**Student:** 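One structure coming up, written as structure tokens, with questions to follow.
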2 protein chains.
Amino acid sequence: MMEKQLNLSKNQKIIFDLIDKSSEPMKAYSILFNVQKKGIKAPLQVYRALDKLVEIGKIHKIESRNAFIACQNSSCQISKTTAFSICESCEKVTEIKDNKLAKYLTNFSDNTGMNYKKYNLEFFGLCKKCKRK
Amino acid sequence: MMEKQLNLSKNQKIIFDLIDKSSEPMKAYSILFNVQKKGIKAPLQVYRALDKLVEIGKIHKIESRNAFIACQNSSCQISKTTAFSICESCEKVTEIKDNKLAKYLTNFSDNTGMNYKKYNLEFFGLCKKCKRK
DNA sequence: TTTAATATTGTTATAATATAACATTATGTA
DNA sequence: TACATAATGTTATATTATAACAATATTAAA
């Protein structure tokens with residue numbers, strides 16, 4: 001579908017491609033190490049690209065891990081509502097796309113009656129592989 | 001009720017009391033600054049106490065803010081399931097205690113059939129005060 | 001199609017967050 | 001007591017992230 005990827009700037013594209021190919025969440029300084037051969041030399045260049053990519057929903061930050069993964073929703077829309085499962089053994093992270101869950105959480109209202117258009121949910125446990133061990 | 005607080009060590013108690021009195025989440029180095037007069041001089045002393053307090057459920061880490069708040073559940077049990085509302089304007093953080101939400105999330109199973117005994121949920125929006133402005 | 005606004009880049013320095021490694025002391029428990 | 005476990009103290013260092021400033025590229029308006 002290509003979507004908005006064509007609009008990415010040079011650095012944004014380099015960094016998104018790297019994260020998108022990775023099978024696991026990537027940390028900023030690991031990204032930096034991996035793109036130095038492409039001319040991105042400074043942390044700030046990485047963080048700026050990451051900020052933008054998060055802002056436009058191409059990647060998400062896994063807050064509990066300070067790491068970044070590509071959005072796994074085929075649509076890759078700007079996403080303010082995110083949910084992930086994180087294996088506490090192998091650190092595998094999977095984005096959860098579940099309409100019921102999303103609906104439940106966007107409709108949730110707290111004891112003050114407030115509700116929220118934006119959330120981040122991180123589930124922790126053992127993935128199937130690690131459970132077997 | 002007092003609970004387990006009596007079991008806290010010296011540093012743990014100093015740091016818990018500080019966080020518990022604070023009206024807002026506290027960051028590690030702000031904690032450090034505030035307890036130096038009580039003899040806690042090094043970051044590691046703070047982080048060790050924080051780790052323990054998180055482990056026993058007396059405090060929670062707000063992952064998106066790298067900050068810590070006292071558990072607001074009266075029971076102060078070991079809590080692996082946490083939910084917070086965060087005001088993106090004034091940064092006020094409130095712990096959400098909602099049995100239905102907790103039940104929904106602990107019973108949630110992803111598309112692989114996995115479910116999870118531990119999660120952290122952070123809602124973002126504007127608190128009532130900030131909404132009015 | 002120049003102009004003006006906005007976004008992106010490059011660069012150096014530094015701030016903020018967190019842990020490693022090792023020695024010592026305190027506490028709980030057999 | 002004595003043994004194990006937990007907590008402390010200390011120095012150094014690793015990791016994560018932003019400030020500040022200058023230059024270039026891209027977009028959109030006049």
Side-chain angles (χ1 to χ4, degrees), chain A residues 4-19 22 24-69 78 86 88 91 93 120 122, chain B residues 4-19 22 24-69 78 86 88 91 93 120 122:
Chain A
K4 283 202 179 179
Q5 183 156 354
L6 296 172
N7 294 345
L8 295 183
S9 73
K10 179 175 134 270
N11 288 1
Q12 288 160 15
K13 185 156 181 10
I14 290 169
I15 286 171
F16 174 73
D17 286 346
L18 178 66
I19 296 171
S22 171
E24 54 194 15
M26 292 196 75
K27 301 194 145 221
Y29 277 72
S30 159
I31 292 167
L32 175 58
F33 178 81
N34 277 277
V35 296
Q36 278 181 328
K37 51 198 159 203
K38 302 215 173 175
I40 296 175
K41 289 175 216 157
L44 195 45
Q45 295 176 292
V46 173
Y47 280 104
R48 282 195 288 223
L50 290 173
D51 284 352
K52 190 69 186 184
L53 291 167
V54 166
E55 185 192 326
I56 64 177
K58 298 286 293 179
I59 65 172
H60 304 300
K61 182 172 186 181
I62 309 302
E63 292 287 356
S64 65
R65 300 299 188 257
N66 297 320
F68 300 84
I69 66 167
I78 297 172
I86 301 172
E88 289 183 301
E91 293 293 326
V93 173
N120 179 53
E122 297 180 1
Chain B
K4 283 202 180 178
Q5 183 156 352
L6 296 173
N7 293 344
L8 295 181
S9 73
K10 179 174 133 272
N11 288 0
Q12 289 160 15
K13 185 155 183 9
I14 290 169
I15 287 171
F16 174 73
D17 286 345
L18 178 66
I19 296 172
S22 172
E24 54 194 15
M26 294 196 73
K27 301 193 146 224
Y29 277 72
S30 159
I31 292 167
L32 176 58
F33 177 80
N34 277 279
V35 296
Q36 278 180 328
K37 51 197 159 206
K38 302 215 173 174
I40 296 175
K41 292 178 215 151
L44 195 44
Q45 293 175 293
V46 172
Y47 280 105
R48 281 195 288 222
L50 290 174
D51 284 352
K52 190 68 188 188
L53 290 168
V54 166
E55 186 192 325
I56 64 178
K58 297 287 293 180
I59 65 173
H60 304 300
K61 182 173 187 181
I62 309 301
E63 292 286 355
S64 65
R65 300 299 187 258
N66 297 320
F68 300 84
I69 66 168
I78 296 172
I86 301 172
E88 289 183 301
E91 293 293 327
V93 172
N120 179 52
E122 297 180 4

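Residue numbers start from 1 in every chain, and the chains themselves are labelled A, B, ... in the order their sequence lines are given, proteins ahead of strands. Everything numeric here is computed off the predicted structure, so don't read it as measured data.
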**Student:** Measure from CD1 on B/Ile56 to P on D/dA6 and round the result to the nearest Å.
**Tutor:** 13 Å
**Student:** So, taking the atom named NZ in B/Lys58 and the one named CD1 in B/Ile15, what distance separates them when rounded to the nearest 0.5 Å?
**Tutor:** 14.0 Å
**Student:** Write down the atom of A/Gln12, the atom of A/Leu53, and the distance for their closest heavy-atom approach.
**Tutor:** O-CD1, 3.8 Å
**Student:** Using a cut-off of less than 4.0 Å, is there contact between a side-chain N or O of B/Asn11 and OP1 or OP2 of D/dG9?
**Tutor:** yes
**Student:** Evaluate the side chain to side chain contact (heavy atoms under 4.5 Å, CB included) criterion for residues A/Lys10 and A/Ile14: first the C-alpha distance (whole Å), next the side-chain angles of each, then the deciding distance (0.1 Å), finally the verdict.
**Tutor:** CA-CA 6 Å; A/Lys10 179 175 134 270; A/Ile14 290 169; 4.2 Å; yes
**Student:** Measure NZ/A/Lys61 against P/D/dT15 and give the value in whole Å, please.
**Tutor:** 16 Å
**Student:** So which atom in B/Ile19 and which in B/Phe68 form the shortest heavy-atom distance, rounded to 0.1 Å?
**Tutor:** CG2-O, 3.7 Å
**Student:** Which pairs would a plain distance check flag for residues 25-32 of chain B, meaning a side-chain donor or acceptor within less than 3.5 Å of a matching protein atom at least two apart in sequence or in another chain?
**Tutor:**
residue, atom, partner, partner atom, Å
B/Lys27, NZ, B/Arg65, O, 3.3

**Student:** Mind grabbing the angle between the end helix axes of the helix from C/dT1-D/dA30 to C/dA30-D/dT1? Five pairs an end, 10° rounding.
**Tutor:** 50°
**Student:** For a quick test of your reading: what N or O donor-acceptor pairs under 3.5 Å do the side chains of residues 36-46 of chain A make, sequence neighbours left out?
**Tutor:**
residue, atom, partner, partner atom, Å
A/Gln45, OE1, A/Lys41, N, 2.9
A/Gln45, OE1, A/Ala42, N, 2.9

**Student:** Could you check how far CG of A/Leu8 sits from P of D/dA25, rounded to whole Å?
**Tutor:** 19 Å
**Student:** May I ask you to list the residues of residues 24-34 of chain B, by number, that have any heavy atom positioned under 4.0 Å from an atom of DNA chain C?
**Tutor:** B/Lys27, B/Tyr29
**Student:** Let me know the distance between CG of B/Asn66 and P of D/dT16, rounded to the nearest Å.
**Tutor:** 11 Å
**Student:** Say you draw a straight line from NZ of A/Lys61 to CG of A/Asp51; how long is it, rounded to the nearest 0.5 Å?
**Tutor:** 8.5 Å
**Student:** Tell me, do A/Asn120 and B/Ser64 make a side-chain contact under 4.5 Å, heavy atoms counted?
**Tutor:** no
**Student:** Looking at every heavy atom in both A/Glu122 and A/Ile86, which two are closest together, and how far apart are they?
**Tutor:** OE1-CD1, 3.8 Å
**Student:** Go through residues 37-51 of chain B and report each residue with a non-hydrogen atom lying under 4.0 Å from DNA chain D, sorted by number.
**Tutor:** B/Lys41, B/Ala42, B/Leu44, B/Gln45, B/Arg48
**Student:** Between B/Lys10 and D/dT8, is there a side-chain N or O to OP1/OP2 distance below 4.0 Å?
**Tutor:** no
**Student:** Give the first and the last nucleotide of DNA chain C, reading 5' to 3', that has any atom under 4.0 Å from a heavy atom of chain A.
**Tutor:** C/dT8 to C/dT12
